[in-house]
Each structure stands twice: as structure tokens, then as C-alpha cells.
Amino acid sequence: MRLCTPPTFTSEGTPASSGSQDHRPLPPDQQPLSPQPSPSFSKMPRTDEAAAFFHAVYAAVQEIPPGKVTSYGHIAKLVGTPQRPRQVGVCLKHLPTDPTARFHHANVPWQRVINAKGVISPRSQPSGSLNQAAALEAEGVTVMAGALGELSVDFAEFGWFPRILPSEAAMGIVPESDDDEDGSDGE
DNA sequence: CGGTAGGCTAAAT
DNA sequence: GATTTAGCCTACC
């Protein structure tokens, strides 16, 4: 099994955070000249750097195909900060509901992000996770309910764990293939 | 302005 | 395998 190699590819050459963390995949021509908050964000995070992180996370989440799910940790890796899966959760938690914002609840498929165990994080209230499960079911994702009320998704079937973001792949970024993901064993 | 909790994870017991 | 420990950084009290 494991044709799509779930969260187990630690052999990544990501420099991680060495002292100052600013390895955003943002091209130099897209970096704002001044630390002025974009009008798209009604409420900006504390620092400009955090804003970039939020942006990267939201953009990455938007690339998750419908009917697929991934983990917080994987999103963290995709945006270049594999050590901060928790912050990914923070980003989604603070995802604006305001439709005028660049990223909001309706255009960012937050429901497609669950934890590494394949379980929808109950976070603080179960209603939220139930809502998330419903949203996933609506996309065709099968959500299994455990005896303890834990809602899990089969990563083998619905998992989405690309090595890099599709948008970056389209840019021609090919980070060497050290693993063969033919998945001939099926499941 | 300092301390704690939080939509997490991987590694070590 | 089930717990515990250790990183991480932001939001909130």
C-alpha cells in the first residue's frame, strides 16, 4: 500500500529555519517594497513575515484538488516550513469569513486539511469537525466514524501528498526523484 | 509585557 | 504500540 507515500518523506533538502526564517517561495518581484499590509487583508497577523506565511498556506491549501485531503504537516512542508504544522492550523483557524478578503472561508478549501493521523481534528468543538466532515463528504470523500466519534479519512484513497506544489511543478521545478511512486501494489 | 494554550508532528521512551 | 517530550510561533488573557 501506501502508493502515495503519506507523511513519511523526511528526506527533503529544505534548509528549514536557520536563524531567521524567510524561505518563502515568493519570487523577488512579488515581494512588497514596504512592510505595508495589503488591502486584501482586513486583519493582518502581527508581522509582515507572518502574513507571508499565511498567504503561502492559503495558496497551498487552494491547490488541494477537490475530493482529496492532506495533513497540516504536509502543507507546512509544501510552503517551506516543515517544522511549523501548528501554524498551519492557526492560519486556517484565522481564515477570514469576509468574502472581500483575498483568502476566505469560501475560496480556501480548509476542510481538506486534517491531521497526520488521517483524523479530522476536533479542535475545540465537535461541531466544527462534523461540519468539516460534511463538507468533505459533499466532495465525495468517505469519512469513517470511529467508536469514539473520531472522524477519519483513508489517506490511501483520498490522500494528496505531492512533493511540491502543483503551481511550482508547473514552473519547472523538479527536485530530483529519489523515490519511485509507481504504487504498483495497489491496495 | 510575560505566560499559556492551540484545528500539529516526529522522535524518543 | 501507547505515552511523553520537545520544537514551533501566533493569538489571547
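What you see below is based on every heavy atom in this structure, not just the backbone, and it leaves out hydrogens, waters and symmetry mates. Here the structure is a predicted model, which is why all the values come from computation and not from measurement. Labels below follow one simple rule: chain letters A, B, ... track the order of the sequence lines, proteins then strands, and each chain is numbered from 1.
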Rounded to the Å, how far apart are [X] [atom1] and [N] [atom2]?
| X | N | atom1 | atom2 | value |
| --- | --- | --- | --- | --- |
| Leu151(A) | dG7(B) | CG | P | 16 Å |
| Glu49(A) | dT10(C) | CD | P | 7 Å |
| Lys77(A) | dC8(C) | NZ | P | 16 Å |
| Tyr72(A) | dG6(B) | OH | C1' | 11 Å |
| Tyr58(A) | dT10(C) | OH | P | 13 Å |
| Gln83(A) | dT9(B) | CD | C1' | 11 Å |
| Phe161(A) | dT9(B) | CZ | P | 9 Å |
| Lys93(A) | dA5(B) | NZ | P | 13 Å |

Does dA12(B) have a Watson-Crick or wobble partner in any strand here, with both distances under 3.5 angstrom, and which is it?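 Here dA12(B) is engaged in a pair, and the nucleotide opposite it is dT3(C).
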Could you tell me the Watson-Crick or G-U partner of dG7(B), where both distances fall under 3.5 Å? Say none if there is no partner.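 In the structure as shown, dG7(B) has no Watson-Crick or wobble partner.
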If we count only N and O atoms by modelled type, under 3.5 Å, do the side chains of Ser152(A) and Glu150(A) hold a donor and an acceptor together?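 Result is no, nothing qualifies.
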Do Glu157(A) and Thr142(A) have side-chain N/O donor and acceptor atoms under 3.5 Å apart?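 Glu157(A) vs Thr142(A): no donor-acceptor pair found between side chains.
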Glu139(A) vs Arg112(A) side-chain heavy atoms within contact, under 4.5 Å: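 The answer is yes; the side chains approach within 4.5 Å.
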Just verifying a value: how many Å separate Trp160(A) CH2 and Glu63(A) CD, rounded to the nearest 0.5 Å?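 Taking CH2 in Trp160(A) and CD in Glu63(A), the distance rounds to 6.0 Å.
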Please tell me if Ser121(A) has a side-chain N or O lying less than 4.0 Å from either OP1 or OP2 of dC8(B).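 Looking at the OP1 and OP2 atoms of dC8(B), one of them is under 4.0 Å from a side-chain N or O of Ser121(A).
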Under 4.0 Å between a side-chain N/O of Arg84(A) and OP1 or OP2 of dC9(C), yes or no?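 Yes, Arg84(A) has a side-chain N/O under 4.0 Å of OP1/OP2 on dC9(C).
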Interatomic distance at P, dG7(B) relative to dA6(C), whole Å: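 The same atom, P, in both gives a distance of 23 Å.
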Starting the side chain at C-beta, find the nucleotide from dC12(C), dT9(B), dT10(C) nearest to Ala116(A).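 Given the options dC12(C), dT9(B), dT10(C), the side chain of Ala116(A) is closest to dT9(B).
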The side chain of Asn115(A) lies closest to which of these nucleotides: dT9(B), dG7(B), dT10(C)?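 So the side chain of Asn115(A) is nearest to dT9(B).
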Give one of base, sugar-phosphate or nothing for Val113(A), where a contact means two heavy atoms less than 4.0 Å apart.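 The answer is base, as Val113(A) lies within the cut-off (heavy atoms under 4.0 Å) of a base atom.
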